[in-house]
2 protein chains.
Amino acid sequence: MRPLEIWSGRSNIRFMTTRPAQKHAAGSGDSKAHAKGQCGPGRPRGYDEQEVLSAALQVFWRQGYEATSLDDLTGAMGLSRSSFYAAFGSKQGVLIAALKSYSATALSALRELADGPREGAVRAMLQALSNPQGGPKGCLLVNCITELAPHEQEVAEIGRRHLQGVEDLFASALNPEAPESVQDKARALSALAIGTLTLRKSGLPPDQISKALEAAEGILTS
Amino acid sequence: MRPLEIWSGRSNIRFMTTRPAQKHAAGSGDSKAHAKGQCGPGRPRGYDEQEVLSAALQVFWRQGYEATSLDDLTGAMGLSRSSFYAAFGSKQGVLIAALKSYSATALSALRELADGPREGAVRAMLQALSNPQGGPKGCLLVNCITELAPHEQEVAEIGRRHLQGVEDLFASALNPEAPESVQDKARALSALAIGTLTLRKSGLPPDQISKALEAAEGILTS
DNA sequence: CGAATTCTGGAACGCTCAATCCAAAAATAG
DNA sequence: CTATTTTTGGATTGAGCGTTCCAGAATTCG
């Protein structure tokens, strides 16, 4: 078996030590309002961090993690290798940043549907999850969970939190009557939506999936 | 983007031309009863084809396609590179053979459950699919569909047929009353089962998944 | 016993991989 | 202006990749 322990621990010591202030968290939590104007002495960056992260996200989404090379990434991001490693530390680093950004964006969009009119909320969420912006590329997080989670605990952790978030939104959109099995129903709805992504990838046309979802939804939400 | 066109077309011309009779189909269809005893002049093989294929299958299952190197494969199979390429032609070749073998085995096992007593058949199928032999590794075919199907049409094709098979078995296990939406219900059940594999990979314990499945199943099958 | 055929071990091939390094460029601070 | 700090481009690194090749070992056929 190939050594996969690259992931944990020894990530780019040079970067982590020489530039500890620039945490770049990439869209998730601790963005310290890194105003883009003047921020110190040195040469300013020639790129927008969110933009290049979004470019990297798209590549991972289209190709998967292992099938994506650093040339793919730097090419799509428009960055030299130096800038890439200075900003993200490693290939794994930019993946983690992309996954966090993706999760935040996706959950935010889903929350709007969950907070909409009660009737139709679940249906709208199912349709949105099963027919994501990525089209046949599916859901970036589901793809990466499938490919990496068993061996890379940080991916698994981000994935677990994301799926919990989806579940919670389903639960909040379900009829609060009969709350004894709301969590289980929400979990089943999540699984149902996620499963359709595999059907889609294998070539099933979207309208066939919508039909199946409607057949299931009518009874699952009651 | 990295050149991925390796897949189609130009697969090991030397092997294909110099040894065209040995099709090795690896467990799927056209096994010409390749009796293991005497089968011609030359030196006999020092390995069992089904055994080494099963070993390769396990490695792909555990690590995924891209993360598996040829050293991983030949090491687990106990084959030299020469024997490997003589038997399977390429890394893609052994994956395809493994997927076909996996699909046949899995569908056969699922058919026994579908043909069992009507009440409980659907539940047994859901539990079996969501808690496969592979444990947290999930389902080999679902893994490979997620990782490869958008770019490798042969994987997509095998996956599509497999999922269609699962759907058909669900349909045959469903109550034949109200047959107007049997196919959609069966498709939804497939998606539900497949989706639980992602939950499992992200770390959700099996009993939580079983609970959600039972909550969904009671109403989905009625 | 040769001759023909087939498998096996292991080295080698060309290439790509993720990651590193360094000097030049571009900004601020005094 | 000079000194300092940071980013950038591009060459480089050593290891690993999938695949090929060939000489020798093992078997059957005449």
Side-chain angles (χ1 to χ4, degrees), chain A residues 1-7 10-22 24 34 36-49 52 56 59 63 65-75 77-95, chain B residues 1-7 9-22 24 34 36-49 52 56 63 65-75 77-95:
Chain A
M1 194 178 314
R2 200 168 52 162
L4 288 175
E5 79 288 352
I6 310 167
W7 199 261
R10 60 182 183 87
S11 72
N12 202 334
I13 294 163
R14 181 171 167 268
F15 165 63
M16 282 305 190
T17 52
T18 61
R19 317 196 59 249
Q22 192 104 7
H24 62 62
H34 168 266
K36 194 186 167 161
Q38 55 191 42
C39 46
R43 172 175 173 176
R45 293 192 161 165
Y47 58 92
D48 179 79
E49 204 160 330
V52 299
V59 181
Q63 304 181 204
Y65 177 77
E66 300 279 7
T68 295
S69 73
L70 238 79
D71 280 339
D72 296 339
L73 288 172
T74 54
M77 300 162 92
L79 259 58
S80 71
R81 285 174 129 72
S82 309
S83 305
F84 175 91
Y85 277 96
F88 298 103
S90 68
K91 187 185 171 188
Q92 307 99 289
V94 72
L95 175 74
Chain B
M1 197 177 314
R2 200 167 53 162
L4 289 174
E5 79 287 351
I6 310 167
W7 200 261
R10 59 182 181 87
S11 69
N12 202 337
I13 293 163
R14 180 171 167 267
F15 164 64
M16 281 307 192
T17 52
T18 61
R19 319 197 60 249
Q22 192 105 5
H24 60 65
H34 168 268
K36 196 191 167 154
Q38 57 192 41
C39 48
R43 172 174 172 175
R45 292 193 163 166
Y47 58 92
D48 179 80
E49 203 159 332
V52 300
Q63 304 181 202
Y65 177 76
E66 299 280 5
T68 295
S69 74
L70 237 80
D71 279 339
D72 296 339
L73 287 172
T74 54
M77 301 163 90
L79 258 59
S80 71
R81 288 172 126 75
S82 309
S83 305
F84 176 91
Y85 277 95
F88 298 103
S90 67
K91 186 185 172 189
Q92 307 98 287
V94 71
L95 175 75

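Every chain is numbered from 1 and lettered A, B, ... according to where its sequence line falls, protein lines coming before strand lines. Excluded from the calculations below are hydrogen atoms, water molecules and symmetry mates; all remaining heavy atoms, backbone and side chain alike, are included.
Under a 3.5 Å cut-off, the side chain of A:Lys91 and the backbone N or O of A:Thr68 do form a donor-acceptor pair.
Among D:dG9, C:dA18, D:dT20, the nucleotide with an atom closest to any side-chain atom of A:Ser80 is D:dG9. The side chain of B:Asp71 lies closest to D:dC17 when the candidates are D:dT19, D:dC17, C:dG9. Of the candidate nucleotides D:dT19, C:dC22, D:dC21, D:dC21 has the atom lying nearest to any side-chain atom of B:Ser82.
Within the 4.5 Å cutoff, the side chain of B:Asp71 has heavy atoms near those of the B:Arg81 side chain.
Residues satisfying the side-chain hydrogen bond (donor to acceptor under 3.5 Å, both in side chains) test with A:Arg43, not counting sequence neighbours, are none. Remark: B:Ser80 engages B:Ser82, B:Ser83 in a side chain to side chain contact (heavy atoms under 4.5 Å, CB included) (not counting sequence neighbours).
Listed here is the closest heavy atom pair of A:Ala87 and A:Tyr47: CB-OH, 3.4 Å. Pairing each heavy atom of A:Ala86 with each of A:Arg45, the nearest pair is O-NH2, 4.5 Å. Heavy atoms only, all atoms of each residue included: B:Ala67 and A:Glu66 are closest at CB-OE2, 3.6 Å.
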Can you tabulate the close N/O pairs, meaning under 3.5 Å, that link protein atoms to atoms of nucleotides 23-27 of chain C?
residue	atom	partner	partner atom	Å
C:dA25	N3	A:Arg43	NH1	3.1
C:dA27	N3	A:Pro41	O	3.3

Polar atom pairs (N or O), protein with nucleotides 11-14 of chain C, under 3.5 Å:
none

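The interatomic distance linking A:Glu66 (CD) with D:dG18 (P) rounds to 11 Å, in whole Å. Here D:dT8 presents its P atom at 12 Å from CG of A:Asp48, a figure rounded to the nearest Å. Distance, B:Arg45 CZ to C:dG9 P: 13 Å, rounded to whole Å. One can place NZ of B:Lys91 at 12 Å from C1' of D:dG16, the figure rounded to the nearest angstrom. Put simply, OH on B:Tyr85 is 22 Å from P on C:dT6, counting in whole angstrom units. Per the geometry, CZ belonging to B:Phe84 stands 21 Å off P belonging to C:dT6, to the nearest Å. The separation between A:Leu73 atom CG and C:dT16 atom C1' is 14 Å, rounded to whole Å. Distance, A:Asp72 CG to C:dA18 C1': 12 Å, rounded to whole Å.
Regarding contacts with the backbone of C:dT16, every side-chain N or O of A:Ser69 stays at 4.0 angstrom or more from both OP1 and OP2. The shortest distance between the side-chain N/O atoms of B:Ser83 and the OP1/OP2 oxygens of C:dT8 is below 4.0 Å.
Going from atom CZ of B:Phe88 over to atom CG of B:Leu73 covers 10.0 Å, rounded to the nearest 0.5 Å. Annotation: the span from B:Thr74 atom OG1 to B:Tyr85 atom OH amounts to 9.0 Å, rounded to 0.5 Å.
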